[in-house]
Amino acid sequence: MNRRDLIKSGLVAGAAMALPGLPAKLAAQPRAGNQRDRALFDIAKRELDRAGDAIWRRDIVGIADFGVHSAKPRFYFVNLDREEVSVAHCSHGAGSDPEHDGWLNSYSNVEGSNATSKGAYVTWEWYQGRYGTSVRLGGLDPTNDAALRRYIVMHRADYAEPSHVDRWGRLGRSNGCFAFGQDDFRYALMNLSGGRLLYADSIGLQADGAMLSREQQLAVLQPAKPNLTQRYNPGVY
């Protein structure tokens with residue numbers, strides 16, 4: 001049995017360990033007439049072309065836009081077959097946001113940095129870890145090729161729930177992983193695992209399709225400031 005068959009077998013076995021219930025259906029928006037979605041389709045196709053044969057399921061691409069504040073939904077499921085885009089909340093790493101103000105300040109590929117890494121990933125098999133069912137990731141770029149050694153994965157976390165934003169004004173931080181709330185992770189588990197592409201970068205994409213810098217976004221957004229206790233407790237606040 002070759003490696004791909006082993007992974008596919010692992011996906012079938014992983015279904016028995018998955019979170020209970022059917023995945024929550026996220027609100028999908030048609031591509032037609034939507035500038036943001038057209039921009040996402042262009043990015044998805046560009047990154048699929050760049051990744052080449054490393055990606056063997058090319059129907060759905062995940063795009064994490066860490067150029068947007070963590071209070072906003074900023075992880076996009078780009079369905080190329082159906083020409084739809086669904087959006088979810090997603091946490092970034094504590095090492096990328098030492099001030100814990102909700103903005104990703106820097107990327108790192110260094111073990112122990114607890115930072116987010118930018119670039120293209122391939123999603124691999126499901127497994128049972130600290131946060132329950134999780135999805136392993138393989139980094140495809142020099143900026144994230146240590147992902148497997150760093151245990152960078154997709155998983156669910158309480159600090160990535162939308163209710164966390166309601167309480168604290170931002171998501172909590174991961175150790176560099178792509179962390180989702182329960183409903184969003186169920187959707188990711190069923191729609192993005194098993195050889196698909198995940199791409200992370202600071203795009204700053206807005207609902208109208210504009211790509212804005214942090215300074216431009218801050219002109220219209222005033223996120224809550226963390227206190228010292230919140231700042232030094234990743235995964236809690």
Side-chain angles (χ1 to χ4, degrees), residues 1-24 26 51 53-64 66 75-77 86 88-96 107-141 143-161 164 171-200 234-236:
M1 181 178 292
N2 61 34
R3 185 175 181 282
R4 183 175 296 181
D5 289 335
L6 284 171
I7 291 173
K8 290 180 179 177
S9 297
L11 288 170
V12 173
M17 302 185 294
L19 296 168
L22 294 174
L26 304 183
D53 292 340
I55 305 300
W56 63 88
R57 301 182 73 177
R58 307 173 74 86
D59 53 344
I60 301 173
V61 173
I63 297 177
F66 291 124
F75 191 98
Y76 300 99
F77 298 92
S86 300
H89 284 88
C90 181
S91 290
H92 56 242
S96 293
Y107 295 96
S108 177
N109 194 33
V110 176
E111 293 182 58
S113 67
N114 292 334
T116 297
S117 297
K118 70 184 298 184
Y121 299 79
V122 56
T123 64
W124 285 344
E125 75 276 18
W126 305 352
Y127 74 102
Q128 287 292 303
R130 175 183 176 187
Y131 292 98
T133 305
S134 304
V135 179
R136 287 191 175 91
L137 300 173
L140 301 179
D141 290 315
T143 53
N144 67 355
D145 59 4
L148 192 60
R149 298 193 304 274
R150 294 180 61 208
Y151 301 98
I152 302 302
V153 302
M154 292 195 303
H155 66 74
R156 70 154 300 276
D158 290 341
Y159 60 76
E161 294 286 353
H164 197 95
L171 295 182
R173 299 166 295 173
S174 70
N175 289 329
C177 295
F178 297 84
F180 301 86
Q182 179 168 292
D183 287 345
D184 290 341
F185 180 66
R186 284 175 176 168
Y187 192 88
L189 193 65
M190 301 305 295
N191 292 278
L192 196 58
S193 58
R196 293 185 172 94
L197 174 68
L198 189 164
Y199 177 67
V236 177

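By convention here, the first residue in the shown sequence is residue 1. Computed from a predicted model, the values in this text were never measured in an experiment.
Contact record, Ala88 with Phe77: CB-CE1, 3.9 Å, taken as the closest heavy-atom pair. Pairing each heavy atom of Ala115 with each of Gly95, the nearest pair is CB-C, 3.9 Å.
Taking the side-chain contact (heavy atoms from CB on, under 4.5 Å) definition, one finds that Asn114 meets it with Asn175, sequence neighbours left out. The side-chain hydrogen bond (donor to acceptor under 3.5 Å, both in side chains) test applied to Ser117 returns Arg150, not counting sequence neighbours. Among residues two or more places apart in sequence or in another chain, the salt bridge (Lys or Arg N to Asp or Glu O under 4.0 Å) test is passed with Arg196 by Asp59. For Phe180, the ring pair (Phe, Tyr, Trp, His ring centres under 6.0 Å) partners are Phe75, not counting sequence neighbours. Here Ala200 pairs with Ala64, Phe66, Tyr121, Phe178 under the side-chain contact (heavy atoms from CB on, under 4.5 Å) rule; sequence neighbours left out. Under the ring pair (Phe, Tyr, Trp, His ring centres under 6.0 Å) criterion, His89 pairs with no residue at all, not counting sequence neighbours.
Judged by distance alone, with hydrogens and angles left aside, the side-chain atoms of Thr116 form a donor-acceptor pair with the main-chain N or O of Gly93 at under 3.5 Å. Between the side chain of Asn144 and the backbone N or O of Asp141 there is at least one donor-acceptor pair closer than 3.5 Å. At distances below 3.5 Å, not a single donor-acceptor pair connects side-chain atoms of Ser91 with backbone N or O atoms of Ser174. At least one donor-acceptor pair under 3.5 Å links the side chain of Glu161 to the backbone N or O of Gln182. A donor-acceptor pair under 3.5 Å links the side-chain atoms of Ser134 to the main chain of Gly132, judged by distance alone.
Side chains of Leu148 and Leu137 form no contact here, defined as non-hydrogen atoms less than 4.5 Å apart. Counting heavy atoms from C-beta outward, Met154 and Phe185 have side chains that approach closer than 4.5 Å. Looking only at side-chain heavy atoms (C-beta outward), Val153 and Trp124 stay at 4.5 Å or farther from each other.
Counting only residues at least two apart or in different chains, salt bridge (charged side-chain N to carboxylate O under 4.0 Å, His left out) contacts with residues 110-121 comprise Glu111-Arg149, Lys118-Asp201.
Checked against Thr123 for a side chain to side chain contact (heavy atoms under 4.5 Å, CB included), the options Leu197, Ile60, Val135 give a single hit: Val135.
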Would Ile55 and Leu140 count as a side-chain contact (heavy atoms from CB on, under 4.5 Å) here? Give the steps. CA-CA 10 Å; Ile55 305 300; Leu140 301 179; 4.0 Å; yes
